[in-house]
*Asks:* 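Okay, here's the structure, questions in a sec.
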Amino acid sequence: DIPSHLDDLPHTMLKKDYNNLPIMNSVDDVVKRLLSLEMASQKEKMKVKMQQLVEKVRRSPSDNGSFELLSLSFTVAILTARIRTLEEHLQSHPKDKKNRRFLLMGLDRRRKMLGYLRRVNYGTFENTCKQLDIQYSPPQPYTRHVTKRWLVKKALCIKVFQEKQKLKAAERLKQRRLWLARARAARE
């Protein structure tokens, strides 16, 4: 039994279109089940997930992402919904390379957005991570894997650079002597 983020969704909840209809109170249970999220398509479930996560991030009911940072946290919430849906999909279809790629791209995009949010407004960043249950880890600094081949190549490049500097030094000395000779000739 793998825990799923779909468990967060109430399956008895009706789809958005049928939610506020007065006739739904008198309808049979079979019809209600057909119109519930349990029988909804993946796209409809995704919309509900996104809506729920955006509601978690929203500060007040009238808030619609009025300024840049809040809309950024809304984007992070939407990306989180997509990421969680792809994670669920990949648990049942582990060989799906295309969706694994989409998952990794989404994770990378979300990490970049969270990094920006962290630099600009740490309070919003902290609130967003807490509400969406995300653990942010900054990217590791790049380190080159040192191999014997790379060391030999680097040594060769350094040797070539030093030889070129010697040749340039001889050429500069020659140019300087010529310039000094012209200057003396001009003075006389």
Side-chain angles (χ1 to χ4, degrees), residues 1-21 24 27 29-145:
D1 295 326
I2 300 168
S4 169
H5 286 61
L6 269 181
D7 296 338
D8 299 343
L9 298 175
H11 292 298
T12 55
M13 192 167 99
L14 296 174
K15 294 179 192 173
K16 190 175 182 181
D17 304 336
Y18 308 105
N19 215 2
N20 298 325
L21 293 178
M24 292 310 292
V27 173
D29 286 340
V30 176
V31 175
K32 278 187 181 178
R33 188 169 179 218
L34 283 171
L35 299 176
S36 70
L37 284 177
E38 186 179 357
M39 298 293 192
S41 68
Q42 195 65 30
K43 196 173 187 178
E44 290 170 320
K45 289 177 186 176
M46 178 79 152
K47 280 184 184 178
V48 172
K49 268 190 210 176
M50 283 183 192
Q51 188 178 11
Q52 284 180 343
L53 290 176
V54 167
E55 287 298 321
K56 281 184 177 181
V57 173
R58 184 173 287 165
R59 291 182 183 168
S60 65
S62 61
D63 201 358
N64 289 322
S66 51
F67 69 102
E68 179 189 343
L69 297 177
L70 199 58
S71 67
L72 191 63
S73 57
F74 284 173
T75 309
V76 168
I78 290 169
L79 274 171
T80 302
R82 285 188 188 143
I83 287 168
R84 288 179 180 167
T85 304
L86 286 170
E87 284 172 344
E88 290 166 10
H89 172 77
L90 287 170
Q91 283 176 349
S92 56
H93 306 285
K95 292 187 178 184
D96 189 350
K97 304 291 185 206
K98 182 179 175 185
N99 282 321
R100 183 170 304 282
R101 182 172 170 266
F102 286 142
L103 172 71
L104 292 174
M105 285 171 26
L107 285 168
D108 192 43
R109 189 167 165 214
R110 184 178 73 178
R111 185 183 305 114
K112 286 178 184 176
M113 285 183 176
L114 283 172
Y116 174 74
L117 194 60
R118 184 176 185 222
R119 283 191 311 271
V120 175
N121 189 340
Y122 192 78
T124 308
F125 161 77
E126 235 177 12
N127 182 43
T128 303
C129 286
K130 184 178 158 196
Q131 294 298 326
L132 298 177
D133 195 26
I134 298 173
Q135 283 200 336
Y136 174 77
S137 57
Q140 296 294 319
Y142 175 75
T143 56
R144 173 180 282 281
H145 180 68

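In this chain, residues are counted from 1 in sequence order.
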*Asks:* May I ask you to test the Val76-Ile134 pair for a side-chain heavy-atom distance under 4.5 Å?
*Replies:* yes
*Asks:* Rounded to the nearest 0.5 Å, what separates atom CD1 in Ile83 from atom CD in Glu88?
*Replies:* 12.5 Å
*Asks:* By salt bridge (Lys or Arg N to Asp or Glu O under 4.0 Å), which residues pair with Arg111, not counting sequence neighbours?
*Replies:*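 Applying salt bridge (Lys or Arg N to Asp or Glu O under 4.0 Å) to Arg111 gives Asp108.
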*Asks:* Working to the nearest 0.5 angstrom, can you tell me the gap between Thr128 OG1 and Glu126 CD?
*Replies:*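 Between Thr128 OG1 and Glu126 CD, I get 10.0 Å after rounding to 0.5 Å.
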*Asks:* Could you tell me which non-hydrogen atom of Arg100 sits nearest to which non-hydrogen atom of Leu90, and how far apart they are?
*Replies:* CA-CD1, 3.7 Å
*Asks:* So which heavy atom on Tyr116 is nearest to which on Leu72, and how close?
*Replies:*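 Closest approach of Tyr116 to Leu72, heavy atoms only: CD2-CD2, 3.5 Å.
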*Asks:* Can you see which heavy atom on Cys129 is nearest to which on Tyr136, and at what distance?
*Replies:* SG-CB, 4.3 Å
*Asks:* Check whether any side-chain N or O of Arg101 sits under 3.5 Å from a backbone N or O of Asp96 as a donor-acceptor pair, and report yes or no.
*Replies:* no
*Asks:* How many angstroms lie between atom CE of Met105 and atom CG of Leu79, to the nearest 0.5 angstrom?
*Replies:* 10.5 Å
*Asks:* For residues 90-109, which residue pairs pass the ring-ring contact (aromatic ring centres under 6.0 Å, His included) check, not counting sequence neighbours?
*Replies:*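 Sorted result for residues 90-109: His89-His93.
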*Asks:* Could you pull out all residues at least two apart from Thr80 that satisfy side-chain hydrogen bond (donor to acceptor under 3.5 Å, both in side chains)?
*Replies:*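 Thr80 satisfies side-chain hydrogen bond (donor to acceptor under 3.5 Å, both in side chains) with Arg110 once adjacent residues are dropped.
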*Asks:* Which heavy atom in Ser73 sits nearest to a heavy atom in Leu117, and how many Å separate them?
*Replies:*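 Smallest heavy-atom distance, with atoms named: CB-CD2, 4.4 Å.
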*Asks:* Could you measure the distance from the CG atom of Leu104 to the CG atom of Asn99? Nearest 0.5 Å is fine.
*Replies:*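 Atom-to-atom, Leu104:CG and Asn99:CG are 11.0 Å apart.
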